[in-house]
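Residues take their numbers from the sequence shown, with the count starting at 1. The figures here come from the full heavy-atom set of this structure, side chains too, leaving out hydrogens, waters and symmetry mates.
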Amino acid sequence: MYVSELSITPKYFEYDMMGIIYHSHYLEWFEAGRLKLTKDLGLSYFEMEQSGYISPVQEMKVEYKRGIRYGEEVLLRTWIKQNGGVKTEYAYEVLNGEGTLCVTGSSIHYVVRREDFKPVQFKKVFPEWYSAFEKASQS
């Protein structure tokens, strides 16, 4: 299984008054992880969108295990947990600079036509994506 890694230096505004990353910023990091993963696989969400399709989030899960504290570096790991013909599930791990697992998460996405949000079969409309995702999700 291919795991994409993204190093993140948290910005000052991402912290809350307790000196830890505010919870909503993890969702932004997950999106950055998905973009990095697809880029690593030679794919582009921008090109998908230019062809009239988008991939909205259907479900997002986040489990907080330990806060990322001010000054800590972050490593975001992203991989394809499940690649179906219609939906894709991504998984995430956020580790601090010491390698401690701080946050885990997952997201489920469908591919839909931009014009009417009608779901399409990912496998049929984007066979190159589906193939790359299948290869990357193999253990």
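Judged by distance alone, the side chains of Gln82 and Ser137 never bring a donor and an acceptor atom under 3.5 Å apart. Side-chain contact check for Glu14 and Trp29: at least one donor-acceptor pair (N or O, by modelled atom type) lies under 3.5 Å. Side chains of Tyr130 and Asn83: no donor on one and acceptor on the other come within 3.5 Å.
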- prompt: What's the verdict on side chain to side chain donor-acceptor pair (under 3.5 Å) for Arg34 and Tyr92, showing C-alpha distance, side-chain angles and the deciding distance?
  reply: CA-CA 9 Å; Arg34 285 192 307 278; Tyr92 313 93; 2.9 Å; yes

- prompt: Would Glu72 and Val74 count as a side-chain contact (heavy atoms from CB on, under 4.5 Å) if you check the C-alpha gap in whole Å, the side-chain angles of each, and the deciding distance to 0.1 Å?
  reply: CA-CA 7 Å; Glu72 290 184 317; Val74 171; 5.6 Å; no

- prompt: When you look at Tyr70 and Asp16, which way does the side-chain contact (heavy atoms from CB on, under 4.5 Å) test go after all the steps?
  reply: CA-CA 9 Å; Tyr70 184 74; Asp16 63 17; over 6 Å; no

task: Carefully, step by step, assess Leu37 and Trp79 under the rule side-chain contact (heavy atoms from CB on, under 4.5 Å).
output: CA-CA 7 Å; Leu37 173 65; Trp79 64 94; 5.6 Å; no

- request: Walk me through it: do Ile68 and Ile20 pass the test side-chain contact (heavy atoms from CB on, under 4.5 Å)?
  value: CA-CA 5 Å; Ile68 301 287; Ile20 60 173; 5.9 Å; no

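Separation of the Phe133 and Phe122 ring centroids falls under the 6.0 Å cut-off. A centroid separation of 6.0 Å or more is found between the aromatic rings of Tyr22 and Phe13.
Here the side chains of Val103 and Val62 are in contact, with some heavy-atom distance below 4.5 Å. The shortest distance between side-chain heavy atoms of Leu75 and Leu6 does not fall below 4.5 Å. Put simply, the side chain of Phe30 does not reach to within 4.5 Å of the side chain of Thr78, judged on heavy atoms. Residues Pro56 and Val112 meet the side-chain proximity criterion, which asks for heavy atoms closer than 4.5 Å. Side chains of Glu73 and Asn96 form no contact here, defined as non-hydrogen atoms less than 4.5 Å apart.
Residues Val86 and Val120 approach most closely at CG1-O, 4.1 Å, considering heavy atoms. Across Pro10 and Ile8, no two heavy atoms sit closer than the pair CD-O, 3.4 Å.
More than 12 heavy atoms of other shown residues, nucleotides or ligands fall within 6.0 angstrom of atom CD in Glu134. Counting heavy atoms of neighbouring residues, nucleotides and ligands inside a 6.0 Å radius, atom CD of Glu98 does not exceed 12 of them. Counting non-hydrogen atoms of neighbouring residues, nucleotides and ligands closer than 6.0 angstrom, the NZ atom of Lys123 reaches no more than 12 such neighbours.
A distance-only check finds a donor-acceptor pair linking the side chain of Ser55 to the backbone of Tyr110 [under 3.5 Å].
In this structure, the separation between CZ on Arg114 and OH on Tyr53 is 12.0 Å, given to the nearest 0.5 Å. Interatomic distance, CD1 of Ile54 versus CD of Glu115, reported as 11.0 Å (0.5 Å rounding). Rounded to the nearest 0.5 Å, atoms CG (Leu41) and NZ (Lys36) are 9.5 Å apart. Of the inter-residue distances, the one linking Arg69 atom CZ with Tyr15 atom OH reads 11.0 Å to the nearest 0.5 angstrom. Here the OG-CG distance, from Ser4 to Asp40, works out to 4.0 Å after rounding to the nearest 0.5 Å. Atom OH of Tyr90 is separated from atom CD1 of Ile108 by 11.5 Å, given to the nearest 0.5 angstrom.
Both Ile80 and Val57 sit in one connected hydrophobic cluster of ILVMFWY residues. Membership requires side-chain heavy atoms under 4.5 Å apart, directly or through other members. Grouping the Ile, Leu, Val, Met, Phe, Trp and Tyr side chains by contacts below 4.5 angstrom, directly or via other members, places Val3 apart from Leu43. By the criterion of side-chain heavy atoms lying less than 4.5 angstrom apart, applied directly or through intervening Ile, Leu, Val, Met, Phe, Trp or Tyr residues, Tyr26 is grouped together with Tyr12 in one hydrophobic cluster.
A salt bridge is absent between Lys87 and Glu89; no separation between the charged side-chain nitrogens and carboxylate oxygens falls under 4.0 Å. Here Lys65 pairs with Glu63 in a salt bridge; the nearest charged N to carboxylate O distance falls below 4.0 Å.
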